[in-house]
S.K.: 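Submitted below is the structure of interest, expressed as C-alpha cells.
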Amino acid sequence: MRALWVLLAFVCLADGIGAAEDARFIAGVFEPPRAAPELALRGSDGKELRLDRYRGKVIILGFGFSSCSDVCPTTLAALAGARKKLGGDAENLQVVYVTVDPERDDTQRLREFLRRFDPTFIGGTGTPEQLAAVRDRYGIAVGRKPDSTFSHSSFTYLIDREGSLRALMPYGHSSDDYAHDVRLLLSSGESAQR
C-alpha cells in the first residue's frame, strides 16, 4: 500500500512539474514587467493609434513595412495563425504593426497590407520623427538598404492587459508559440478583468 502512495505522490509531482513547464513563456520575459511606452500615431483604421485604446486586451507589437518580401510576411502569417488557434479568445488579442517606412506606408497602404493577413490587425504610421521616437523607446534598429528596402529588428513585444511589457518573441517563432504565450497572458490577466 505504501508503494501505491509513493507512486501516486510521484505522479502528482510529475504532473505538477509538467503544468509548471506549460506555464512558462516561450518568449523571453521582462522581469519585472514594465510599462509599455505609449504610442501616438495614425492608425490604419483612421483613428489615433494608442496602446491604451486596447487596455484589457493582450497586444502583440511588431515593426516592419508593407513592401517587405520575407521577414514581415512570415511574422504576420504566424500572428494570423495564432489568432485562429486562439478561437474565441482571439477577441482579447490585438496585433499592432508599426511601419519603419513612413515615406511609403500611409494608413491606406498599411490597412490593405495587413488585411491580407487578418482584418483585425492595426498598422501605425506617422512622421519620420514620430516613428524614430517610437523605435528609440522600443529599441528597434533600422537601416536602409541600397535597394530602398529596410533591415530592421524583427522581434515582437507581448504586452499584457494592463499595458505592461511582458515578453519579447524573437523572429521565426510559430503560431503555436505565439498562441501559447498569449494564452498565458490572458489567463494571468483574468483576475484583473473581473
S.K.: What is the distance from atom OG of S66 to atom CZ of R116, rounded to the nearest 0.5 Å?
M.R.: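 Nearest 0.5 Å value for the OG-CZ distance: 7.5 Å.
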S.K.: For E48, enumerate each residue passing the side-chain contact (heavy atoms from CB on, under 4.5 Å) test, keeping only those at least two apart in sequence or located in another chain.
M.R.: A40, R50
S.K.: Quick one: side chain to side chain donor-acceptor pair (under 3.5 Å) partners of T125, sequence neighbours excluded?
M.R.: none
S.K.: State which residues pass side-chain contact (heavy atoms from CB on, under 4.5 Å) with F121; sequence neighbours excluded, sorted by chain then number.
M.R.: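 Once residues adjacent in sequence are excluded, the partners of F121 under the side-chain contact (heavy atoms from CB on, under 4.5 Å) criterion are L76, L79, A80, R83, V95, L114, F117, D118.
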S.K.: How close do P73 and C68 get, heavy atom to heavy atom, and via which atoms?
M.R.: CG-O, 3.5 Å
S.K.: On a heavy-atom basis, which atom in A167 and which in A27 lie closest, and how many Å separate them?
M.R.: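 Minimum heavy-atom separation between A167 and A27: CB-CB, 3.7 Å.
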S.K.: Mind checking what makes side-chain contact (heavy atoms from CB on, under 4.5 Å) contact with N92, not counting sequence neighbours?
M.R.: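 So N92 forms a side-chain contact (heavy atoms from CB on, under 4.5 Å) with D89, R161, L186.
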S.K.: Can you tell whether the side chains of D106 and R109 come within less than 4.0 Å, N to carboxylate O?
M.R.: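 Between R109 and D106 there is no salt bridge, as every charged N stays at least 4.0 Å from the carboxylate O atoms.
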S.K.: Distance-only, no hydrogens or angles: does the T99 side chain make a donor-acceptor pair with backbone N or O of D101 under 3.5 Å?
M.R.: yes
S.K.: Go through the structure and list residues passing side chain to side chain donor-acceptor pair (under 3.5 Å) with E91, not counting sequence neighbours.
M.R.: none
S.K.: Identify, with sequence neighbours excluded, every residue that meets salt bridge (charged side-chain N to carboxylate O under 4.0 Å, His left out) alongside R53.
M.R.: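 So R53 forms a salt bridge (charged side-chain N to carboxylate O under 4.0 Å, His left out) with D45.
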S.K.: Could you report the tightest heavy-atom contact between V134 and F63, atom names first, then the distance?
M.R.: CG1-CE2, 3.8 Å
S.K.: Which heavy atom in P102 sits nearest to a heavy atom in G126, and how many Å separate them?
M.R.: CB-O, 3.4 Å
S.K.: Could you state whether Y138 and L49 fall into the same hydrophobic cluster, counting links through intermediate Ile, Leu, Val, Met, Phe, Trp or Tyr residues with side-chain heavy atoms under 4.5 angstrom apart?
M.R.: yes
S.K.: Going by side-chain contact (heavy atoms from CB on, under 4.5 Å), name the residues that satisfy it together with T74, two or more places apart in sequence or in a different chain.
M.R.: Y171
S.K.: For the residue pair S44 / Y97, report whether a side-chain donor-acceptor contact shorter than 3.5 Å exists.
M.R.: no
S.K.: Test of understanding: with side chain to side chain donor-acceptor pair (under 3.5 Å), list the residues that count as partners of R111, not counting sequence neighbours.
M.R.: none
S.K.: When you look at R166 and V29, which way does the side-chain contact (heavy atoms from CB on, under 4.5 Å) test go after all the steps?
M.R.: CA-CA 6 Å; R166 294 293 302 278; V29 298; over 6 Å; no
S.K.: Can you tell which of D105, L131, L110, I122 makes a side chain to side chain contact (heavy atoms under 4.5 Å, CB included) with V98?
M.R.: L131
S.K.: Can you tell me how far CZ of R135 sits from CD of Q130, rounded to the nearest 0.5 angstrom?
M.R.: 11.5 Å
S.K.: Is it true that T107 and R42 share a donor-acceptor pair across their side chains at a distance under 3.5 Å?
M.R.: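 Their side chains do not contain a donor-acceptor pair, so the 3.5 Å distance test is not met.
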S.K.: Just to verify, what does E31 make a salt bridge (charged side-chain N to carboxylate O under 4.0 Å, His left out) with, not counting sequence neighbours?
M.R.: none
S.K.: Going by salt bridge (charged side-chain N to carboxylate O under 4.0 Å, His left out), name the residues that satisfy it together with R137, two or more places apart in sequence or in a different chain.
M.R.: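 Per chain and number, R137 pairs via salt bridge (charged side-chain N to carboxylate O under 4.0 Å, His left out) with no residue.
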S.K.: Please check: side-chain N/O of Q94 versus main-chain N/O of T120, any donor-acceptor pairing under 3.5 Å?
M.R.: yes
S.K.: CG of L158 to CG of L185: how many Å apart, nearest 0.5 Å?
M.R.: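 Reported value, rounded in 0.5 Å steps: 6.0 Å.
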S.K.: Quick one: list whatever passes ring pair (Phe, Tyr, Trp, His ring centres under 6.0 Å) with F155, sequence neighbours left out.
M.R.: Y157
S.K.: Could you walk me through whether I59 and L51 pass the side-chain contact (heavy atoms from CB on, under 4.5 Å) test, one step at a time?
M.R.: CA-CA 8 Å; I59 299 169; L51 296 178; 4.0 Å; yes
S.K.: Which salt bridge (Lys or Arg N to Asp or Glu O under 4.0 Å) pairs, counting each pair once, include a residue from residues 174-188, with sequence neighbours left out?
M.R.: K85-D176
S.K.: Only one of L93, D160, L184 clears side chain to side chain contact (heavy atoms under 4.5 Å, CB included) with V58; which?
M.R.: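 The residue from L93, D160, L184 that satisfies side chain to side chain contact (heavy atoms under 4.5 Å, CB included) with V58 turns out to be L93.
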S.K.: So, for Y178 and I60, which heavy atoms are closest and what is the spacing to 0.1 Å?
M.R.: CD2-CD1, 3.8 Å
S.K.: Would you say that S67 contacts R104 through its side chain, given a criterion of any heavy-atom pair below 4.5 Å between the two side chains?
M.R.: yes
S.K.: Check S175 against G81 and note the closest heavy-atom contact, atom names and distance.
M.R.: CB-C, 3.5 Å
